[in-house]
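I'd like to ask you about the structure that follows.
Quick note: numbers below take in every heavy atom, side chains included, and nothing from hydrogens, waters or symmetry partners. The chain is numbered in sequence order, starting from 1.
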Amino acid sequence: MEIIANVLTSDAMQTTLVAILGPLLMFVLNRIAGALQASTGLKLSERAVATFHSSIISGVESGLAHGLQAGTATFKAHVKAHMLESSPEAFAEMSPLPDVLDNLIYRYARQSIAKYGEAK
């Protein structure tokens with residue numbers, strides 16, 4: 001029994017145990033963190049983000065092609081309808097707050113108008 005206690009308390013054995021258990025513990029913690037992110041939806045896929053922004057841009061450009069004469073509310077409704085039609089999965093995954101979505105729409109509209117000019 002004393003031999004086992006001496007082996008387990010030796011510096012070399014403790015170093016070896018730490019070297020083995022360290023990566024194993026990190027693996028377990030990373031798996032737990034991944035499961036938490038997946039269950040809470042905190043980690044968004046890059047594909048969903050890119051699709052979401054692409055659908056905003058195409059919706060804005062489509063709305064600008066019709067002109068802004070109908071007003072901003074109609075323009076925003078057009079862009080949102082376009083987004084829901086073109087990428088419903090990305091829209092559902094991102095689930096933006098209304099104010100955030102409006103700000104993104106305005107931002108991309110300003111960029112498109114600056115780049116192409118307002119449709120006549």
Original post:
Which atom pair, heavy atoms only, marks the closest approach of Ser112 to Glu61?
Top reply: OG-CG, 3.9 Å
Original post:
Thr16: what forms a side chain to side chain contact (heavy atoms under 4.5 Å, CB included) with it, not counting sequence neighbours?
Top reply: Ile20
**OP:** To the nearest 0.5 angstrom, please state how far the CZ atom of Arg31 sits from the CE atom of Met26.
**Re:** 14.0 Å
Subject >> Closest contact, heavy atoms only, His78 versus Gly59 >> reply: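 In terms of heavy atoms, the two residues are closest at CD2-O, 3.8 Å.
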Original post:
Do Leu101 and Met83 have side-chain heavy atoms sitting under 4.5 Å apart?
Top reply: yes
Original post:
Who pairs with Ser55 by side-chain hydrogen bond (donor to acceptor under 3.5 Å, both in side chains), at least two apart in sequence or on another chain?
Top reply: Ser87
**OP:** Kindly write out the residues that satisfy side-chain hydrogen bond (donor to acceptor under 3.5 Å, both in side chains) with Asn103, not counting sequence neighbours, or none if the list is empty.
**Re:** none
Subject >> Least distance between heavy atoms, Val60 atom then Ile105 atom >> reply: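 Looking at all heavy atoms of both residues, the closest pair is CG2-O, 3.8 Å.
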Subject >> Test: Lys80 and Asp102 ion pair at under 4.0 Å >> reply: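 Between Asp102 and Lys80 there is a salt bridge, with a charged N closer than 4.0 Å to a carboxylate O.
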Original post:
Closest approach of Ala19 and Pro23, non-hydrogen atoms and distance?
Top reply: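 Heavy-atom minimum between the residues: O-CD, 3.0 Å.
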Subject >> ring pair (Phe, Tyr, Trp, His ring centres under 6.0 Å) contacts in which one or both residues fall within residues 81-108, not counting sequence neighbours >> reply: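 Output for this query lists His53-Tyr108.
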Original post:
Could you state the interatomic distance from CG (Leu104) to NZ (Lys76), rounded to the nearest 0.5 Å?
Top reply: 12.5 Å
Subject >> Pairing residues for Leu24 by the side chain to side chain contact (heavy atoms under 4.5 Å, CB included) criterion, not counting sequence neighbours >> reply: Leu21
Original post:
Mind checking what makes side-chain hydrogen bond (donor to acceptor under 3.5 Å, both in side chains) contact with Ser54, not counting sequence neighbours?
Top reply: none
